[in-house]
Amino acid sequence: MSTPPPTPELDRRSFLMGAAASAAAFSVAGSASACRSSSAGLQDGQSLHVLPSLPYAPDALEPVIGTRIMELHHGMHHAGYVRKLNAALEAHPALFAKSPEDLLRELDAVPEDIHTAVRNSGGGHVNHTMFWEIMGPEGGGAPTGELGEAIDSAFGSFGAFKEAFNKAGGGQFGSGWVWLTLDGDGRLAVESTPNQDTPLSQGREVVMGNDVWEHAYYLTYENRRGEYLNSWWNVVNWDAVSQRLARAQGRG
């Protein structure tokens, strides 16, 4: 009896897994090389940017975010952004003195030869660092306290906020992020950006965000981004989001 041909979904999943394994090996080797070369040009008080550890085990967010997705997302994708950011800054080692967030806030001042690399890889590093921070195994529910009040004031209700957030995330064409941001006048808003762009570069602070790149959800949800967006609320760590709002408002 002949074996039926693989379905497109299995082909896509096999490709992603194979590509991830190959890229992970490349990332580890490339990271070591980049760190050795970049370290040589650093001055006192400067240091390489590093991949932060996950604040929970890779399987802690099951079943909303699968273990294998977490391993690949953190250990390959985020690690790759850190490696490429360090490699780019090697040409201008004085910039290692700035935080990744400040590099993105002052993106227009970044030298042209590394501008795109800092925008993409610096954004990827900062965005993912926030992403791990605002999730947790005891997440979910609704925000309370000043965060809950601020969301109710800006959107009318938490339900209306979730609806607006999911709509923006679902409507982001291709890869990108959906955000809750705070502008200079203290107004909360929902917005989305393509690729690894961040609202920091537009003068707004990031209170929270969700990654809608396919690598964030495809192994579990395939092309069902809306299902991923709905499920994701069950792992949001509202205490961490509240702390980010307080810092953005100058209270933390």
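Just so you know, these numbers come straight off a predicted model, no measurement behind them.
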Non-hydrogen side-chain atoms of [X] and [Y] separated by less than 4.5 Å:
| X | Y | result |
| --- | --- | --- |
| Ile151 | Pro143 | yes |
| Leu61 | Pro137 | yes |
| Glu138 | Tyr56 | no |
| Glu191 | Arg204 | yes |
| Leu180 | Phe155 | yes |
| Arg105 | Glu205 | yes |
| Leu188 | Leu245 | yes |

By the definition side chain to side chain contact (heavy atoms under 4.5 Å, CB included), identify the one residue from [options] that meets it with [X].
| X | options | result |
| --- | --- | --- |
| Trp179 | Thr193, Val207, Asn210, Val190 | Thr193 |
| Tyr221 | Asn230, Val64, Ile65 | Val64 |
| Asp211 | Phe131, Tyr217, Trp232 | Phe131 |

Approximate separation, where rounding is to 0.5 Å, of [X] [atom1] and [Y] [atom2]:
| X | Y | atom1 | atom2 | result |
| --- | --- | --- | --- | --- |
| Asn166 | Tyr228 | CG | OH | 10.5 Å |
| Met130 | Met208 | CE | CE | 8.5 Å |
| Leu89 | Ser121 | CG | OG | 9.5 Å |
| His49 | Leu85 | NE2 | CG | 4.5 Å |
| Gln249 | Leu182 | CD | CG | 6.0 Å |
| Gln172 | Asn195 | CD | CG | 8.0 Å |

Before you tell me yes or no, could you show the steps for His92 and Asp113 under side chain to side chain contact (heavy atoms under 4.5 Å, CB included), namely the whole-Å CA-CA distance, both residues' side-chain angles and the distance that decides it to 0.1 Å?
CA-CA 10 Å; His92 300 273; Asp113 61 317; 2.9 Å; yes
Does [Y] offer a backbone N or O that forms a donor-acceptor pair with the side chain of [X] under 3.5 Å?
| X | Y | result |
| --- | --- | --- |
| Ser153 | Glu149 | no |
| Asn86 | Arg83 | no |
| Asn237 | Asp239 | yes |
| Asn127 | Gln196 | yes |
| Ser192 | Gly169 | no |
| Arg119 | Leu107 | no |

Go through the steps to decide whether Val118 and Leu95 satisfy the test side chain to side chain contact (heavy atoms under 4.5 Å, CB included), and finish with yes or no.
CA-CA 11 Å; Val118 170; Leu95 294 180; 5.9 Å; no
Glu101 and Leu104: side chain to side chain contact (heavy atoms under 4.5 Å, CB included), yes or no, with the steps?
CA-CA 5 Å; Glu101 291 83 1; Leu104 294 166; 5.9 Å; no
If you look at every heavy atom in [X] and [Y], which pair is closest and at what distance?
| X | Y | result |
| --- | --- | --- |
| Pro199 | Val206 | CD-CG2, 3.9 Å |
| His73 | Trp132 | CG-CH2, 3.5 Å |
| Pro100 | His125 | CG-CD2, 3.8 Å |
| Pro58 | Glu71 | CB-CG, 4.0 Å |

Would a line drawn from the ring center of Trp213 to the ring center of His128 be shorter than 6.0 Å?
no
Under 3.5 Å side-chain donor-acceptor pair for Thr67 and Glu62
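Side-chain D/A pair, Thr67 to Glu62: present.
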Quick one: do the Thr144 and Trp238 side chains pair a donor with an acceptor below 3.5 Å?
no
Glu106, CD: over 12 other non-hydrogen atoms inside 6.0 angstrom
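Yes, because the 6.0 Å sphere around CD of Glu106 holds more than 12 heavy atoms from other groups.
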Does atom CD (Glu163) have a neighbourhood of more than 12 heavy atoms from anything else shown, all under 6.0 Å?
no
Hydrophobic cluster membership, with links at side-chain heavy-atom distances under 4.5 Å among I/L/V/M/F/W/Y: are [X] and [Y] in one?
| X | Y | result |
| --- | --- | --- |
| Trp233 | Val235 | yes |
| Tyr81 | Val212 | yes |
| Val82 | Leu72 | no |

Is there a side chain to side chain contact (heavy atoms under 4.5 Å, CB included) between Leu51 and His78 once you walk through the steps?
CA-CA 7 Å; Leu51 177 69; His78 190 174; 3.4 Å; yes
Go through the structure and list residues passing salt bridge (charged side-chain N to carboxylate O under 4.0 Å, His left out) with Glu133, not counting sequence neighbours.
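Testing Glu133 for salt bridge (charged side-chain N to carboxylate O under 4.0 Å, His left out), a comparison that skips the adjacent residues, returns Arg244, Arg247.
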